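The structure under discussion appears below in the form of structure tokens.
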Number of protein chains: 2
Amino acid sequence: MSQQTSQEKTQKPLWALAYGTVVTMDAQRRVIPEGAVVVSGTDIVAVGPASEVLPRYPEADVLDVRDHLVIPGLINAHTHVPMSILRGLVDDQRLDVWLLGYMMPIEREFVDPEFVRWGTLLSCLEMIRGGITTFCDMYYFEDQVATAAAEAGMRAICGQTILKFPSPDAQSYDESLAYARDFIQKWKGHELITPAVAPHAPYTATDDMMRQCLELALEFDVPVHIHLSETRKEVEDNYRERGLPPILWAETLDLFRARVIAAHCVHIEEREMRVLAGHRAGVAHNPTSNLKLASGVAPVVQMRKAGIAVGIGTDGPASNNDQDLFEEMRLAALLPKGMLGDPTALPAQEAFAMATIEGARALHLDHIIGSLEPGKRADIVVLAWDGPHAWPHHQVDEHNVYSHLVYTAHAGDVRHVWINGRQVLRDGEVLTVDVERVYAETQQIAERIGQFLQKREASLLDKLLAIGGLERSETFEIQVKARITNPAHIEQVLQNDPDIEIVKHTVRQQYDTYFLFNGRRHGIIRYREDNVIRTTEERGALAPLDVEPIYTLTLLGPTHEREYGNSIILSRSRFTAPAVYSLRFYREYFQPTQVREVVKWRNRYRIRYKGVDFAVNIDKLSKPAQEISFLEIKSRTWSQEDALRKAGLATELLEKFGIRPEALVRGEYVDLAD
Amino acid sequence: MSQQTSQEKTQKPLWALAYGTVVTMDAQRRVIPEGAVVVSGTDIVAVGPASEVLPRYPEADVLDVRDHLVIPGLINAHTHVPMSILRGLVDDQRLDVWLLGYMMPIEREFVDPEFVRWGTLLSCLEMIRGGITTFCDMYYFEDQVATAAAEAGMRAICGQTILKFPSPDAQSYDESLAYARDFIQKWKGHELITPAVAPHAPYTATDDMMRQCLELALEFDVPVHIHLSETRKEVEDNYRERGLPPILWAETLDLFRARVIAAHCVHIEEREMRVLAGHRAGVAHNPTSNLKLASGVAPVVQMRKAGIAVGIGTDGPASNNDQDLFEEMRLAALLPKGMLGDPTALPAQEAFAMATIEGARALHLDHIIGSLEPGKRADIVVLAWDGPHAWPHHQVDEHNVYSHLVYTAHAGDVRHVWINGRQVLRDGEVLTVDVERVYAETQQIAERIGQFLQKREASLLDKLLAIGGLERSETFEIQVKARITNPAHIEQVLQNDPDIEIVKHTVRQQYDTYFLFNGRRHGIIRYREDNVIRTTEERGALAPLDVEPIYTLTLLGPTHEREYGNSIILSRSRFTAPAVYSLRFYREYFQPTQVREVVKWRNRYRIRYKGVDFAVNIDKLSKPAQEISFLEIKSRTWSQEDALRKAGLATELLEKFGIRPEALVRGEYVDLAD
């Protein structure tokens, strides 16, 4: 056994980088002119002045890097690497247009294992050339990200995304969680890849989903990678819906029992900082992305003062548009100065720490990376220190080196990179990736996306998005509809059944105008004037109201039906926006092939049944005039499993109302009109 | 004559860049795939699709730049190019420490024609390699900047700095103006260099100085380059001292009759925007510098909406620290999004315009540069469009190109540059500057600066600066001192002379502690406890006051004496700060070799005599006890000419007070103490 170890030792390559200026980022922040870093196999074994260190390793191969800087590999603390394929495709759009109008539909259409593989390799190329040795990712088909990163020789935390709605790699979060479990089991213990669970964000999660993510992370002792408090809207919505800001909400779910990596934290309160610091959660600051998407500027100085380890990320290349940590460091150092009116707010040395040792702490990897110290992995970058932008060299004190690294060095200055002791960049050339193949494959996908977008020009969603104002993302619901002859009976059941709680009751008169197009493939646009005539809150009596009508515009996507016993439909796509323009405007804008009107009185009950919210509508159509009334039971849903459960409850409600199967109807009211 | 022209025509080289994607920045913002730009001599003669344009110029030499981008040369709208030598020397300091503690003393010591020459060439190297073809400068010895820029083949607006106090190239603004006149006469009409007058800023100018700058600019029809409204403090001080914000103050002086290029405009009111727009003044936006020096973020979107042409500048390399217009464009595009919470605030195309055609408008040069159009000068940049950061190429619409140029292109992508039809960069190599010589010369100066700083470690000003709080920059004053036996007589003259107006009268008891060091070379530190016992405003009666003592710390620099007839001294250096710590603290901190105390009663009159403000002090020393009293007459001054005039008025006052020449004394009160 000891012989084997000794054999192994002799087999490990032993080599040294020597005579360059070594920026260690160790606890003493030593900067060593004419330094040396000695590497054995995957590990750094010695760091110090070349004249002291080299004589101790006479057998080491020495690479002379004089006049260069030797720094720890940079750490990209948050990104979505496969999105390199989408970089520069659509920019300078409002978040809803960008996300709902472009990113989500394109991801739905194009994101598959191939896309993820080639996008990841393209990003690895860019990151290696720019001196990044570790990245922390969150995407779909994360197994492909891990595979490609390991091939490229990069270190990565790979977070499998979990969403409460369907995603490119799963129909529901149950599916995602199952995928994540397999993924973690496959990669756990890999020398380069750390698998992780990535619940996307509070606004795309249910409490239950978050709890299951936490359990998975704790079961396998892997990190949780999540977006937290990126936008003001996210925080406001969380307050409204959950009564707490996102991070405090996450705490109520015990999320921070796991090793959390929280991306963004732009809109974060002091008490939330204390929570993150207390639980040693790391934060990934993404200055370019936060500006570009107009999210704001994260309070980095305050978070660091509170004791939080803050790393720096590029975020996905679709919202940056590159993955250049030199640019991010620079911006991370500049922004707090301008925001706080204090040029000492974040000195260069601190910004450089955030991209190295503190980034490693934020990712819970500081025991193996982030600084050039014996015992750590050999993730090392050699930078040229010349060119007119790097001239002259002031050497008054060690701050000059950090000033250079943060305020003037460029990704283009990177000459050599080693990760885990393996050289991946030599003289600016990436050694581990077939560059031409990656360019060809990604360009091919880019061109297919271009064609898709051009074809989609006529699409309703595009046109709807183009005029702005979409406030809600796609929603999904289960729905059942029936003809009824005795609406009073149903109201009696609603009011008297002990299992049913009426949360709100409104009486509305709705004037709906439908725009139809050739075929239903593109969906239907509905313009609704909704007059709330009377309302009641929390079991109070109905009272007359004098309110302005509510005008909404809804894109009803092609309905993907799915029967659950009683003609219950899982209606897929549904985008709603306030209709701020006139009906005439929309008619001219969308140029429908047919226009149909539906006018109805609606008794709308929001009820809670066995803990689940349902809307129960009792509708009487006056145009097209119908003798009978209609009953609708609806509920929002997020996952297939949840839909099944709600379908079951809806069936129970139908029984309570005495609806027979033959009374059930499919289709929309518009189908009754001409 | 016509034959000569025809001969000239045939002698001019005719050539074309062809098959690249040409981003014209013309009025239609044409982006031409497979385009061509044809150049004859210094001028562009044709731009269009290669297939249409090339057949019209069969004799042109064609350079094939397919797969590249062809863009107008970038315009750096504001910089101080010689400061490249100071880049990275001192960063992350408060403005006062940085400026007063480092930049000003170093400039005073090192800035000479050689410094300016080599610093300019270093900057030209960097800018050419980064695709900048025109820069707008402001510095000292501007003739050297112009000479070096012309040698490097760069286009430049060269602004000779005018300051109200001594500068590296002039003892007074009269001297600077005389230098500027010669400079303008020498360069006016040069094909690359536009000379300009550069009054540094409102806070470093007197009204009279500004008026003389304006006259000079109008006389020769050259631009005025000035810093305006860079910091909040500048604006507040201008309000306090002149009752107006800087730009409105400049308008009262008719400054905008000239073609003004206003750098910064960070803190600018709407009414000021209207003034700039109305007068077609250009603005140079410096996003990195404004963040790095904690000045803030200029309201670029609002200024552009108001109709102002806004260009983009790097500012001097000491406050950036590089001169990379790709970085600045990117930041210019990102900041308004984050600040205004609107991702559409400044689209990529607009940011690119600011760095090209709109920058040209801001510099009043849009008739010759800023776009690729027939009739304009051939300032052309060819960019590589590959590398992993540039991949893939989306070509859904022309915005994809601008997204690439602004959000992902790097200075390192620049391959070829022509300025005024002359190639200055080929395959990334600068053709016009001796690179090694520039590196060697600038490094030598850098090392001398390093030695100077290390030696200066013991300096008082450094130590004073190190503890912060310096609020005022160096002040200069004329001063005369005399022994007097009859103070009552002087007070009578003050009160009764019809030419003398008493603005304010205070009675003070002052406890001064002087810290002396070996020799006076390093200056003296004075800690003062100033008790205002009684005060009167505007000729009112003296009233008792109950105020807190005022504690100040003053560094009295070595006195450079100069006699004007009656021992009147031009006292040079004088830094004052509130003394926020205890006397004990300062004693221990500065470790003086001697400490001396002076206690006195001071009758202090602020008077106006023939329109000039003087302080007249009648002092009675109680420690060291003196039988007689002393008279001091002082006035702040800014230029040699002004000092001469004030010295004359002080002499008149001495006569009015009946002071005989033999009563005059030199030296400070501290010299009387032991």
Side-chain angles (χ1 to χ4, degrees), chain A residues 84-85 87-89 91-95 98 122 125-126 129 288 290-297 320-324 327 331 334-335 337-338 340-345 347-348 387-389 391-396 399-400 403-404 407-408 410-412 439 442-443 445-446 449-450 453-454, chain B residues 84-85 87-89 91-95 98 122 125-126 129 288 290-297 320-324 327 330-331 334-335 337-338 340-345 347-348 388-389 391-396 399-400 403-404 407-408 410-412 439 442-443 445-446 449-450 453-454:
Chain A
S84 56
I85 293 179
R87 100 166 89 228
L89 176 63
D91 286 310
D92 304 328
Q93 300 289 337
R94 273 180 224 291
L95 190 63
W98 182 75
L122 179 60
L125 268 177
E126 182 187 6
R129 282 183 42 162
T288 295
N290 294 157
L291 286 179
K292 187 153 182 282
L293 301 179
S295 309
V297 177
N320 188 309
N321 296 345
D322 51 14
Q323 292 173 105
D324 180 337
E327 280 180 2
L331 193 51
L334 292 174
L335 281 176
K337 298 175 173 58
L340 302 173
D342 176 2
T344 71
H389 67 289
W391 217 259
H393 293 181
H394 290 289
Q395 285 172 295
V396 176
H399 290 109
N400 297 128
S403 274
H404 171 71
Y407 299 125
T408 51
H410 297 164
Y439 286 180
T442 51
Q443 187 62 30
I445 301 172
I449 293 171
L453 279 183
Q454 272 154 358
Chain B
S84 57
I85 293 180
R87 99 167 89 231
L89 176 62
D91 286 310
D92 303 329
Q93 300 288 336
R94 273 179 226 291
L95 190 63
W98 182 75
L122 179 61
L125 267 177
E126 183 187 5
R129 280 182 43 161
T288 295
N290 294 156
L291 286 179
K292 186 152 180 284
L293 301 178
S295 308
V297 177
N320 188 308
N321 295 341
D322 52 14
Q323 291 174 105
D324 180 335
E327 280 179 2
R330 184 178 157 98
L331 194 51
L334 291 175
L335 281 176
K337 297 175 173 59
L340 301 173
D342 176 2
T344 71
H389 68 289
W391 217 258
H393 293 181
H394 289 288
Q395 287 172 296
V396 176
H399 291 108
N400 297 129
S403 274
H404 170 70
Y407 299 124
T408 50
H410 297 165
Y439 285 179
T442 51
Q443 187 61 31
I445 300 172
I449 293 170
L453 279 182
Q454 271 153 0

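Computation of the quantities below employed the complete heavy-atom set of this structure, encompassing side-chain atoms and omitting hydrogens, waters and symmetry-equivalent molecules. Computed from a predicted structure; not experimentally measured. Chain naming here is simple, since letters A, B, ... match the order of the sequence lines and numbering starts at 1 in each.
If you measure heavy-atom distances from Ser84(A) to chain B, the contacts under 4.5 Å come from the backbone alone. The contact between Asp324(A) and chain B is made entirely by side chain atoms (from C-beta outward), counting heavy-atom distances below 4.5 Å. Only the side chain of Leu331(B) comes within less than 4.5 Å of a heavy atom in chain A; its backbone stays farther off. The contact between Val396(A) and chain B is made by backbone and side chain atoms together, counting heavy-atom distances below 4.5 Å. At a 4.5 Å heavy-atom cutoff, Leu340(A) makes no contact with chain B through either its backbone or its side chain.
Taking 4.5 Å as the limit, every side-chain heavy atom of Lys292(B) sits out of range of all side-chain heavy atoms of Pro343(A). The side-chain heavy atoms of His393(A) and Gln443(B), taken from C-beta on, include a pair separated by under 4.5 Å. No side-chain heavy atom of Pro392(A) sits under 4.5 Å from any side-chain heavy atom of Tyr439(B). The closest side-chain heavy-atom distance from Gln323(B) to His389(A) is not below 4.5 Å. Lys337(B) has its side chain within reach of Asp92(A): a pair of non-hydrogen atoms, C-beta onward, lies under 4.5 Å apart. Contact check for Asp322(A) versus Tyr407(B): no side-chain heavy atoms found under the 4.5 Å cut-off. Proximity of His394(B) to Leu453(A): side-chain heavy atoms (C-beta onward) are nowhere separated by under 4.5 Å.
Chain B forms more heavy-atom pairs under 4.5 Å with one residue of Gly412(A), Ser295(A), Gly387(A) than with any other, namely Gly387(A). Chosen from Pro388(A), Ala411(A), Gly338(A), the residue pairing most often with chain B at heavy-atom distances under 4.5 Å is Pro388(A). Chosen from His404(A), Glu327(A), Arg129(A), His399(A), the residue pairing most often with chain B at heavy-atom distances under 4.5 Å is Glu327(A). Between chain A and the residues Leu293(B), Asn290(B), Val297(B), Thr288(B), the largest count of heavy-atom pairs under 4.5 Å involves Thr288(B). Of the listed residues (Leu335(B), Leu125(B), Leu122(B)), the greatest number of heavy-atom pairs within a distance under 4.5 Å of chain A belongs to Leu122(B).
Across all non-hydrogen atoms, the minimal contact from Ala294(A) to Gly341(B) is CB-C, 3.5 Å. Nearest heavy-atom pair, Trp391(A) versus Thr442(B), reported as atom, atom and distance to 0.1 Å: CD1-OG1, 3.1 Å.
Side-chain contact check for Asp91(A) and Ser403(B): at least one donor-acceptor pair (N or O, by modelled atom type) lies under 3.5 Å. Inspection of the Asn400(B) and Arg87(A) side chains reveals no N or O donor paired with an N or O acceptor under 3.5 Å.
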